[in-house]
There are 2 protein chains.
Amino acid sequence: MRKRRNGGRPTIADVAQRAGVSSITVSRALRDPERVSPQLRQQIEEAVRELEYVPDQHARALASARTDVIGVIIPSFTNNVFADVLRGIYDGLAQTPYQVQLGNSRYSPIEEERLLATFLSQRPAALIVAGIDQTERGRALLAAAGCPVVQVMDLGDDPVDMMVGFSHRASGHAVTSHLLEAGYRRIGFLGARMDPRTQRRLEGYRAALAEAGLYDPARITTTPASSSVSLGRDLLRDLLARMPDTDAVFCNNDDLALGALFECQRALLAVPASMGIAGFNDLEMMAAACPSLTSVRTPRYEIGSRAVQMARAAIAGRRPAERVVDTGFALQIRESTKRPETVRPQPMGALYNNA
Amino acid sequence: MRKRRNGGRPTIADVAQRAGVSSITVSRALRDPERVSPQLRQQIEEAVRELEYVPDQHARALASARTDVIGVIIPSFTNNVFADVLRGIYDGLAQTPYQVQLGNSRYSPIEEERLLATFLSQRPAALIVAGIDQTERGRALLAAAGCPVVQVMDLGDDPVDMMVGFSHRASGHAVTSHLLEAGYRRIGFLGARMDPRTQRRLEGYRAALAEAGLYDPARITTTPASSSVSLGRDLLRDLLARMPDTDAVFCNNDDLALGALFECQRALLAVPASMGIAGFNDLEMMAAACPSLTSVRTPRYEIGSRAVQMARAAIAGRRPAERVVDTGFALQIRESTKRPETVRPQPMGALYNNA
DNA sequence: GAGGGTCATGTCAGCGCTATCATGGCGAAA
DNA sequence: TTTCGCCATGATAGCGCTGACATGACCCTC
C-alpha cells in the first residue's frame, strides 16, 4: 500500500473508485455538476459524503493555476472604519468557495507594496485594496496582477481596474459648509496620521473656508501620530491655546471628535453653543454621545460588499459596466453643531463632582 | 517551447539551470542554506535575484504536505478587543514566512465549527482560536488537527493544546470588589451579547456581591443584542427605571460603560458621586473620557503575540513547558469610581445648551 | 444511410515542488 | 594503503488535481 503524505485523507481517486467512475468525472461533478449526468452525479455525491472527501486546495491551485483566494489589504486593524469594510467583504463571501487573505499595511505604502508582491505570488482570484495612493511600483504590480482589482474607500480618476468609494474632498467640503451654515465662523481642523484620505478631507475644509473668505491656516492642527480619543483632547487643547477664539472644529475622524467633546467638558466649554464639533465616519457612538455628535456617515459595510460583488462579477468574466462606483456619503447633523440662534459663549455649571 | 500555465513566472528549474545545479539543490538552498556549500549557495542566491524567483506556495504545500499558514478564528471584527489580539498576531508573524488565514465566527459556535473544518482541510501549520467554548465536535476537530493549537483570551482547566489568557471570572470579581470598596452598595450589571466570557464575568460579579451579602439579581440587565454605546445607554435607562436606587454599574465592556456615562450626563446624574461606572478591557478612550472611566486592562496585544510565539515554538518542536499561560489583568481605577467621602446624590447644572 | 454535430466520459500528461534514495568524493581510522 | 562513514549533490518519482484532447454513443439532416 502506498504511503500517504496527506495524513490519510481520501483523494479524488478514492472517491472515483468508490463511485465507479474516473477521477476527472468526480472533478467535474464537484466543480460543474451540470456537465455530469444526474445518475453519476448522485453516485459521486454519495461517495463524497461517505468518505468525507474534501478537495485539496493546493493540488487544485497547482493544477489549474487558479485559486479561490481573494487578497485584501487594509491599512489598519484597529481602525473601526476598516473593520466595517471587512465585515462587508466577509459577508459578501459567505457561502462562496472564496477565502480571504488579509494584509495590514499599517498605513505604509512600502509595506503595502511588499504585501502586494507576496499576495500576487499566490495568484489570487482578485485583490481588494484600500485607497488609491499606491506607490508607482505598487500600481504597476496591480496593473500586471492578471486578476480583478478593486480599490476601495476613495475615489479617483484613473482606477487600476475598478473602484468603490466616495470623495473625501467633497465630504470635507460638505462638513465645513455645514459648520458655516450653522453660524460658526472661526472653524478649526483637527487631524491625526494625515494619510492621503485625511489630506483630501483637509483640502475640502480649506476650499470651503476659502470660498467663504474665512480660511486661516493657523486653525489647522495636525499630527502624524495615529488617531485616538486622547489625541483629540490634546489637539483641541493645543488649538485653543493658540487660537482661543476658535468656535468650531472639524475633526478628521470620530475618535478625535469624541476626544474634543471630552476636552470641552473638562474645560467647561459649552457644546454646541461655544464650540461646534463635527467628526467623520459616523461610528455608532456618535449618535449616543451627550450631546450627540455631528458626523459624516460613510457606507463602509456597503463598500466592502459592493467590492466583493464587483470582484466576483469580474472573475466570472462579467466586468461591471461602471468601473468606478461613487457610494456617496451623508452628513448626519446632530446636537453638537446645532448652534443656538444667539451666539455667545455661555458658562456652565460643573458637570460632576469628583473631589 | 513548453506552455507555461503560471503566467511566465520562473520555476525552481529555471533557477537551477541558471545556477548550474539541480533543482533539488536550489530547493535545499532556499529552505535550509546550511546544507548547501557556500559556493553553490551564492550562485543560487544570485540566480534567484536575477530571475526574481518566488517559490510557488501551492506546489510547495502539495509536495511537502505542509503549509506556512496559521489559521486564526475570532468571533468579531468590529470588536476592538480582537483587533488588538490580531495586531499582536500579525506583528509576531512579521518577518516570518507565515501567513494568517483569518476567520470570523460571529460568536457562533456552529460557525466556528464550520470554519475549523475548512481551515483544517488546508493543513495549517498552527491554529489560534479565541475562547475555550468550542462545540464538542469543534474540540474533537482541534484535538485531531495534527498541528499546534492555541486557545486565547480565556483560561480553563483543560486546554486542547496550549492556552493564553486570563480569568474572566476573577476579573469580574475584582471590578465588583473595587466598587464595593469605593463605597457603592447597590451595584448593577450591564451586559450585552452574553457570550461565555461575558457570562464568566457576570459570575465573578455575582460571587463578589454574594460574599458581601449584597447580591440582588434584579440589578442584572442583559441583552443578547451585540454591544454598542447606544445599548449602554438603553441598558442603564432600563436598569434605573426598574431599580432607581442603583448607585453603580459594572459594564460588561467599555462601549456599554461609555453609553452609561452618556446616559448619566443626559439624566443629570453625577458620576461618580451618584453613579459609579466601571467598564471592561480598558480601551484607549476610557482614560480620555470626562470623567475618566474605570476599567480592567486586558493584555490583548500581548496575548496575540504570545500565542504566536508559543505556536511557533511548538511548530519547531519545542513545545513550551507551560502550556497554559495566565497573563493576568489590571484594574485601572479612574474618576468614574472615585466616590467622594460623603455619599449623597447631588444635582448638577446643565452641561450644555442646545436650545 | 453516410456525414456531421453534440454530449458524456475517459486517458494522459503535467502543474512546481520536495521526499527518498543513490552516488561519488574525501578525510579519518585501522 | 584500505575501509568506512560522512557529506554534498543528484536522479527519480510522486503529491492530488485539472487541461487538453480522445472516444464512443446517439441524434439529426439530406
Side-chain angles (χ1 to χ4, degrees), chain A residues 1-44 47-48 51-69 97 121-123 125, chain B residues 1-44 47-48 51-69 97 121-123 125:
Chain A
M1 177 165 144
R2 195 162 69 239
K3 191 182 339 175
R4 303 205 98 131
R5 290 203 294 214
N6 72 346
R9 272 166 52 201
T11 71
I12 203 170
D14 298 323
V15 177
Q17 192 181 5
R18 183 156 197 133
V21 299
S22 72
S23 41
I24 189 70
T25 303
V26 175
S27 174
R28 284 199 270 257
L30 292 173
R31 286 178 297 156
D32 192 359
E34 300 298 304
R35 301 206 330 185
V36 173
S37 68
Q39 157 77 16
L40 289 189
R41 201 188 307 164
Q42 195 183 331
Q43 282 168 237
I44 291 168
V48 165
L51 295 174
E52 295 191 349
Y53 170 71
V54 181
D56 183 310
Q57 298 293 333
H58 302 297
R60 173 173 282 183
L62 181 58
S64 69
R66 288 185 297 100
T67 66
D68 287 343
V69 171
S121 82
Q122 293 166 67
R123 329 217 99 242
Chain B
M1 178 164 143
R2 194 161 71 237
K3 191 181 340 176
R4 304 204 97 130
R5 290 204 294 216
N6 72 346
R9 270 165 53 202
T11 70
I12 203 169
D14 298 324
V15 177
Q17 192 180 6
R18 183 155 198 135
V21 298
S22 71
S23 42
I24 188 68
T25 303
V26 175
S27 174
R28 283 198 271 257
L30 293 173
R31 287 177 297 155
D32 192 0
E34 299 298 305
R35 300 204 334 185
V36 173
S37 69
Q39 157 79 15
L40 289 189
R41 203 189 305 165
Q42 194 182 331
Q43 283 168 234
I44 291 168
V48 165
L51 295 173
E52 296 191 350
Y53 169 73
V54 181
D56 183 310
Q57 298 294 332
H58 302 297
R60 173 173 281 183
L62 181 58
S64 69
R66 289 184 297 99
T67 66
D68 287 343
V69 171
S121 83
Q122 294 166 66
R123 331 215 99 243

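Naming: A, B, ... by sequence-line order, numbering from 1 per chain.
Judged by closest nucleotide on DNA chain D, A/His58 is the one of A/Arg66 and A/His58 placed further toward the 5' end.
Near DNA chain C, defined here as any heavy-atom distance below 4.0 Å, the residues from residues 32-40 of chain A are A/Val36, A/Ser37, A/Leu40, listed numerically. Within residues 16-26 of chain B, the residues that place at least one heavy atom under 4.0 Å from DNA chain D are, in residue-number order, B/Val21, B/Ser22, B/Ile24, B/Thr25.
Atom CG of A/Asp56 is separated from atom P of D/dG16 by 7 Å (rounded to the nearest Å). When the C1' atom of C/dC17 is taken as reference, atom CZ of B/Arg9 falls 12 Å away, rounded to whole Å. A/Tyr53 has its OH atom 10 Å from the P atom of D/dG16, to the nearest Å. For the pair A/Arg123 CZ and D/dC17 P, the computed distance is 21 Å after rounding to whole Å. Taking atom CZ on B/Arg60 and atom C1' on C/dC15, their separation rounds to 16 Å, with Å as the unit. Across the protein-nucleic acid pair, B/Asp14 atom CG and C/dC15 atom P stand 11 Å apart, rounded to whole Å.
Each of C/dC17, D/dC17, C/dC15 was ranked by its minimum atom distance to the side chain of A/Ile12; first place goes to D/dC17. Closest contact between the side chain of B/Ser64 and the listed nucleotides C/dA19, D/dT18, C/dC17 involves C/dA19.
Atom OG1 of residue A/Thr11 and atom CG of residue A/Leu51 lie 9.0 Å apart, to the nearest 0.5 angstrom. Atom CZ of B/Arg35 sits about 10.0 Å away from atom OG1 of B/Thr25, to the nearest 0.5 Å. Rounded to the nearest 0.5 Å, atoms CG (B/Leu40) and CZ (B/Arg28) are 11.0 Å apart. Here the CD-CZ distance, from B/Gln43 to B/Arg18, works out to 12.5 Å after rounding to the nearest 0.5 Å. Interatomic distance, CD of B/Glu34 versus CZ of B/Arg41, reported as 5.5 Å (0.5 Å rounding). In this structure, A/Ile44 CD1 and A/Ser27 OG are separated by 9.5 Å, a value rounded to the nearest 0.5 Å.
B/His58 is not listed as a side-chain neighbour of A/Arg123, based on a closest heavy-atom distance of 4.5 Å or more.
Residue A/Tyr53 comes nearest to A/Ile12 through the heavy atom pair CE1-N, 3.5 Å, listed as atom of the first residue, atom of the second, then distance.
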Protein N or O to nucleotides 21-23 of chain D N or O, pairs below 3.5 Å:
none

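Heavy-atom contacts from other residues, nucleotides or ligands closer than 6.0 Å to CD of B/Gln17 number 12 or fewer.
Remark: the backbone N or O of A/Ala59 is paired with a side-chain donor or acceptor of A/Asp56 at under 3.5 angstrom.
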>> Go through it in stages, so that I can follow the logic: the residues are B/Val48 and B/Leu30, the test is side chain to side chain contact (heavy atoms under 4.5 Å, CB included), and I'd like the CA-CA distance, side-chain angles, deciding distance and then a yes or no.
In response: CA-CA 10 Å; B/Val48 165; B/Leu30 293 173; 4.2 Å; yes

